[in-house]
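Following: one structure in structure tokens, then a few remarks.
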Amino acid sequence: MAAINADLSVNGYTFEDIQTLAKEILKHTSLRPKIALICGTGLGGIAEVVENPITVPYESIPGFPVSTVEGHSGNFVFGTLGGKQVLLMRGRLHYYEGYPMWKVAMPVRVMKAMGIETLLLTNAAGGLNPKYNTGDLMIIKDHIDLPGLTGECVLIGKNDTRFGPRFIATNATYDHDLRSKFKQVVLELGYGNILQEGVYIMIGGPTFSSAAEARVLRMFGADAVGMSTVPESVVGRHSGMRIFGVSLISDMVDMEDGSKFLVTHEDVLKTANERALLMQKVFVKFIHLID
Ligand SMILES: *[C@@H]1O[C@H](CO)[C@@H](O)[C@H](O)[C@H]1NC(C)=O
Ligand SMILES: *[C@@H]1O[C@H](CO)[C@@H](O)[C@H](O)[C@H]1NC(C)=O
């Protein structure tokens, strides 16, 4: 295997490094999935229903970054779900762990090099829209890349067009057909009452928003707020993938000053656990419908 000489400057992984990592991971399996799912906080349980799983821990992949957050275990899982070959990423990398933004989404480039065409993203997010409730599922119809707007776009760096073009449009990032298929599945399972569709805004974290910040985010037009997903969807779009994203509303963000309610990471995990079974059912049927 060629050495990975990732430096910590922008785009530390060259195109060749990414191909090397992809080859290294694919040595573990003869499966060649075209669908990948990145599991959000507490949502790794979907891996439990993957048939004939082959697990590849990040630390077994020379040169691959490891995730350190509680609720994220840090491995790729290959297998079958809903009759389709899939690749799950359990344990995403977050900006708030100290990774530079480009590194947060480099696994998506590795996925592209492994042949992935459709990228499914999940996360746990705070509800900003007052019509939402804890436990709702929000299909992401658009996003606000707050770090991107303030100079931390994931695509800042060298212009290597083998990854994708220098300047990209981000309109209609979230695929219409995938959104309507997901909707169909949730309705068929009888969970229409918890289904929402809205705008996700990314903040860097690890602080949850203050009440004043939450009011600003709502004024911007966001329905839910979280600390992930946008870098991966932007890099996926840049790579030419089809993108779908869904947020589990793990708590309602407090917008009142002096409120007694404070969200904790444990609250987020609790909601995710309560919805684990539902997420498994939904994703099995959803993935079955994806071409
Ligand atoms: C990016 O690289 C491509 C291919 O080398 C080149 O055609 C293009 O002009 C470059 N664009 C910018 C803005 O540097
Ligand atoms: C994004 O906008 C451009 C320019 O209006 C349009 O040509 C393109 O089809 C849009 N992309 C999608 C995926 O809708």
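Atom set for the values below is all heavy atoms of this structure, side chains included, hydrogens, waters and symmetry mates excluded. Start at 1 and go down the list; that is how both ligands and their atoms are numbered.
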Q: On the 0 to 90° scale, with breaks at 30° and 60°, tag the Phe76-Phe78 ring pair as parallel, tilted or perpendicular.
A: tilted
All N/O donor-acceptor pairs, side-chain side in residues 130-140, below 3.5 Å, sequence neighbours left out:
from, atom 1, to, atom 2, distance (Å)
Asp136, OD2, Asn133, N, 2.8
Asp136, OD2, Gln196, NE2, 3.0

Q: Compute whether any side-chain donor of one residue and acceptor of the other, for Asn123 and Ser247, lie under 3.5 angstrom apart.
A: yes
Q | Partner residues of Val104 under the side chain to side chain contact (heavy atoms under 4.5 Å, CB included) criterion, sequence neighbours left out | A | Tyr95, Tyr99, Pro231
**Q.** Neighbour list for ligand 1 [protein residues, heavy atom under 4.0 Å]
**A.** Asn159, Thr161, Arg166, Phe167
(Q) Suppose the criterion is salt bridge (Lys or Arg N to Asp or Glu O under 4.0 Å): which pairs have a residue in residues 201-229, not counting sequence neighbours? (A) Arg215-Asp257, Arg218-Asp223
Q) Any idea how Phe182 and Phe286 line up, ring-wise: parallel (<30°), tilted (30 to 60°), or perpendicular (>60°)? A) perpendicular
